[in-house]
Amino acid sequence: MPDNLIVPPPPSLYATGHRPARPDLSRPVLVQVAIIVAAFIVGGLAAGLAAATLWTPPTGMVLEDKWYRGLISIDPPAIGQNIDQGVFAATAWFSVCAIVLGLLVGIAAAVWLNRSELVTLGALMVGGAIGGGLMLLITSLLSPEDPNGLAKGAADGTVLEDSFQLASPWLVLLVPGSAMLALMVIFLMWAPHPPADHELDGQQAATER
């Protein structure tokens, strides 16, 4: 063997014993959470506005200081429409807008904001609840005033519009519910882990060995 040929020692002799630092993933995850919550806030405002706009408030008349939904004549008294269609229509439009909002944000989060499944799921739950609450707030603000209160002291035959009412306030949970449904379906069927993540895990495991 020539004297000038130097064989480097094994790489293990140069090892310092310190493992490579893991990348800090907290900031990207927090950014993704903020994006999801912001999307629900903006979407909740837009969906509430859409539900209030698409809904047509039923009318009624005042008779003896009381408001009667669907009353179109007081002499003689006559009902011209389904007295429950106001609640049914408001509930239907609110439900449709809430489900659409939840599905859109849930699909977007599952496709583009899926760095951490558990964090994404938690962000959808919290953000969806906020979005549903904002929908309820917007529909309440844009709703006509309660005709039962306005009827007191009003003249007989005064026409008043009904206020926006839901069959149940728990309908706000349709937003996070539909978002989580979309997330789980995509995660289970069409969103496996990227190969790069598995290769990175394999490289780290080999390095640690």
Side-chain angles (χ1 to χ4, degrees), residues 19-55 87-143 163-208:
R19 295 182 180 180
R22 296 175 64 97
D24 184 11
L25 303 180
S26 59
R27 182 172 300 176
V29 169
L30 292 179
V31 170
Q32 293 181 13
V33 170
I35 293 175
I36 293 175
V37 174
F40 274 119
I41 292 176
V42 176
L45 296 175
L49 178 61
T53 303
L54 294 171
W55 172 70
V87 176
F88 290 159
T91 299
W93 282 120
F94 188 94
S95 301
V96 169
C97 294
I99 292 174
V100 170
L101 170 61
L103 290 177
L104 290 178
V105 179
I107 292 173
V111 174
W112 293 296
L113 304 173
N114 59 353
R115 188 162 198 165
S116 174
E117 289 85 351
L118 293 179
V119 173
T120 302
L121 179 62
L124 288 180
M125 294 176 61
V126 175
I130 295 175
L134 287 176
M135 283 189 63
L136 185 60
L137 176 62
I138 293 299
T139 53
S140 300
L141 293 176
L142 298 179
S143 169
S163 58
F164 194 98
Q165 302 178 35
L166 297 178
S168 172
W170 293 105
L171 289 171
V172 298
L173 297 181
L174 287 175
V175 179
S178 57
M180 288 188 291
L181 177 62
L183 182 76
M184 289 187 293
V185 169
I186 293 179
F187 275 177
L188 292 176
M189 299 183 64
W190 295 295
H193 290 285
D197 293 344
H198 295 290
E199 294 176 0
L200 180 60
D201 294 339
Q203 293 175 0
Q204 291 180 351
T207 303
E208 293 176 359

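Below, all heavy atoms of this structure are taken into account, side chains as well, without hydrogens, waters or symmetry copies.
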Look at atom CH2 of Trp55 and say whether more than 12 heavy atoms of other residues, nucleotides or ligands are closer to it than 6.0 Å.
yes
So, taking the atom named CG in Leu104 and the one named CD1 in Ile99, what distance separates them when rounded to the nearest 0.5 Å?
12.0 Å
Of the options Leu49, Val172, Leu101, which is the one that meets Met135 in a side chain to side chain contact (heavy atoms under 4.5 Å, CB included)?
Leu101
Once you round to the nearest 0.5 Å, how far does CG of Leu45 lie from CD1 of Ile138?
5.0 Å
Tell me whether Met180 at atom CE has more than 12 heavy atoms from other residues, nucleotides or ligands lying less than 6.0 Å away.
yes
Criterion side-chain contact (heavy atoms from CB on, under 4.5 Å) on Val105 and Phe40, from CA distance to verdict:
CA-CA 7 Å; Val105 179; Phe40 274 119; 3.5 Å; yes
Straight-line distance of Leu142 CG to Ser163 OG, nearest 0.5 Å:
13.0 Å
What is the distance from atom CD1 of Ile35 to atom CG of Leu30, rounded to the nearest 0.5 Å?
11.0 Å
Rounded to the nearest 0.5 Å, what separates atom CZ in Phe164 from atom CG in Leu141?
12.0 Å
Any sub-3.5 Å donor-acceptor pair from Thr120's side-chain atoms to Leu113's backbone N or O?
yes
Candidate list Thr139, Leu171, Val87, test side chain to side chain contact (heavy atoms under 4.5 Å, CB included), partner Leu166, passing option
Leu171
Interatomic distance, CD1@Ile130 vs CD1@Ile41, rounded to 0.5 Å, equals 5.5 Å
